[in-house]
Amino acid sequence: MKNDLPAGTGAAADAAATPAIEFKDVSLRFISQDGNATVALRNFSMAVARGEFVAIVGPTGCGKSTTLNMITGLLNPTVGSVEVMGQPVKGIDPRIGFVFQADAVFPWRSVRNNVAAGPLFRGKSKKDALALADEWIEKVGLAKFGDHYPHQLSGGMRKRVALAQTFINNPEILLMDEPFSALDMQTRTMMQDELLQLWGSTGGSVVFITHDLEEAIALADRVFVLSARPGTLKRVYEIDLPRPRVMSEVRYDPGFVELSKKIWEDLKN
Ligand code: ADP
């Protein structure tokens, strides 16, 4: 039957309006082998819209990685619910991509073969997977390094491989856990720009974990600030700095300076 509804209504619009990720009043308690309980996260709610870039900031141990582990289904909430695209999380979802602090590259594979791994795993022919890998290797500026092995690359170059490896799968949701924290300042700034460019051309949602408040403000649409153990949501900040943003410049934007002053002030209190 023909759908006579005007554009912007119906099932497609409903799907677009459903958050990519939704935590509803989630608490998570770990029970260790000796029976001790640790509350890692308490009464946490967060909805991440399609295409939104959210950063979660907080001190070490406040439950940031735990939130990501609940989105992937590695951990289940003790109380509350976590949904991805409107459905309860049930194990690893192929629509989700990850970039962590440690590089997830196969050391015995060339850059090309590392980047082609995802499409191959998802059933593409070797020829198509390698052709696609070449496109992505070029996009992240490593065109001359396709036949190199990870140990022959710098830390920043390995991060570029990690980004190509992830974006090649067209993730609708990208989870990043302190992805650039091991890099020097200059390389880090370059990688942040690279990430924003790649994200800008895909339209996926990002959850970016960091303990660096300035990094969170510079990258995100909204910043969720968690307090120390047990992790509770202290506040959410809208970051209305215009896009596209250039990392080396955004830090000098008066709006950025004002926001970071305000958030630091709140954190002190
Ligand atoms: P963050 O990423 O913010 O540094 P985590 O989410 O890794 O923090 O951890 C939150 C808290 O939960 C920490 O206090 C940590 O020690 C504790 N924790 C994490 N995983 C486990 C586990 N498997 N068993 C017991 N406690 C855990």
Side-chain angles (χ1 to χ4, degrees), residues 19-48 52-84 88-93 96-104 155 159 162-163 166 171 173-183 188 191-192 195 205-237 239 260 263-264 266-269:
I21 301 165
E22 190 164 19
F23 283 73
K24 290 182 190 157
D25 215 7
V26 167
S27 296
L28 189 136
R29 196 177 57 215
F30 288 109
I31 307 286
S32 61
Q33 279 178 343
D34 56 13
N36 285 324
T38 308
V39 178
L41 202 64
R42 178 174 287 166
N43 303 121
F44 179 67
S45 293
M46 169 177 88
V48 181
E52 189 182 21
F53 196 128
V54 157
I56 302 179
V57 201
T60 305
C62 72
K64 302 186 295 297
S65 304
T66 300
T67 56
L68 292 194
N69 288 337
M70 283 191 274
I71 300 170
T72 60
L74 225 55
L75 290 173
N76 293 312
T78 315
V79 180
S81 67
V82 183
E83 293 186 352
V84 167
V89 174
K90 287 198 209 87
I92 300 283
D93 188 317
I96 300 181
F98 317 86
V99 182
F100 298 124
Q101 186 176 344
D103 304 312
K159 275 296 163 217
L163 289 179
T166 306
I173 293 176
L174 180 56
L175 305 179
M176 308 187 85
D177 196 350
E178 309 243 6
F180 307 140
S181 51
L183 302 174
R188 193 172 176 176
M191 293 316 302
Q192 291 163 339
L195 168 65
S205 310
V206 181
V207 180
F208 189 102
I209 302 280
T210 177
H211 56 255
D212 179 345
L213 180 60
E214 264 81 25
E215 180 177 46
I217 299 171
L219 291 172
D221 295 318
R222 280 190 303 156
V223 174
F224 284 67
V225 179
L226 294 184
S227 63
R229 226 166 21 144
T232 35
L233 182 57
K234 227 175 135 118
R235 245 175 112 170
V236 184
Y237 295 90
I239 310 298
S260 82
I263 302 178
W264 276 119
D266 284 356
L267 291 180
K268 266 196 282 175
N269 299 330

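In this chain, residues are counted from 1 in sequence order. Whatever order the structure lists ligands and atoms in, that order sets their numbers, starting from 1. Atom set for the values below is all heavy atoms of this structure, side chains included, hydrogens, waters and symmetry mates excluded.
- Met70 is listed as a side-chain neighbour of Phe23, based on a closest heavy-atom distance under 4.5 Å.
- Remark: the Glu215 side chain and the Thr210 side chain contain an N/O donor-acceptor pair separated by less than 3.5 Å.
- A salt bridge does not link Lys64 with Asp177: every distance from a Lys NZ or Arg NE/NH1/NH2 to an Asp or Glu carboxylate oxygen is 4.0 Å or more.
- Remark: Ser65 OG to Ile209 CD1 distance equals 6.0 Å, nearest 0.5 Å.
- We find the OG1-CZ distance between Thr78 and Phe30 to be 8.0 Å, quoted to the nearest 0.5 Å.
- Thr232 pairs by the side-chain contact (heavy atoms from CB on, under 4.5 Å) definition with Arg42, Ser227, not counting sequence neighbours.
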Give one line per pair: atom of ligand 1, protein atom, distance. Only N/O to N/O under 3.5 Å.
residue: ligand 1; atom: 2 (O); partner: Ser65; partner atom: N; Å: 2.8
residue: ligand 1; atom: 2 (O); partner: Ser65; partner atom: OG; Å: 2.8
residue: ligand 1; atom: 3 (O); partner: Gly61; partner atom: N; Å: 3.4
residue: ligand 1; atom: 3 (O); partner: Cys62; partner atom: N; Å: 3.1
residue: ligand 1; atom: 3 (O); partner: Gly63; partner atom: N; Å: 3.0
residue: ligand 1; atom: 3 (O); partner: Lys64; partner atom: N; Å: 2.9
residue: ligand 1; atom: 3 (O); partner: Lys64; partner atom: NZ; Å: 3.0
residue: ligand 1; atom: 4 (O); partner: Gly61; partner atom: N; Å: 2.7
residue: ligand 1; atom: 6 (O); partner: Ser65; partner atom: N; Å: 3.4
residue: ligand 1; atom: 6 (O); partner: Thr66; partner atom: N; Å: 2.9
residue: ligand 1; atom: 6 (O); partner: Thr66; partner atom: OG1; Å: 2.5
residue: ligand 1; atom: 8 (O); partner: Gly63; partner atom: N; Å: 3.3
residue: ligand 1; atom: 14 (O); partner: Arg229; partner atom: NE; Å: 3.4
residue: ligand 1; atom: 14 (O); partner: Arg229; partner atom: NH1; Å: 3.3

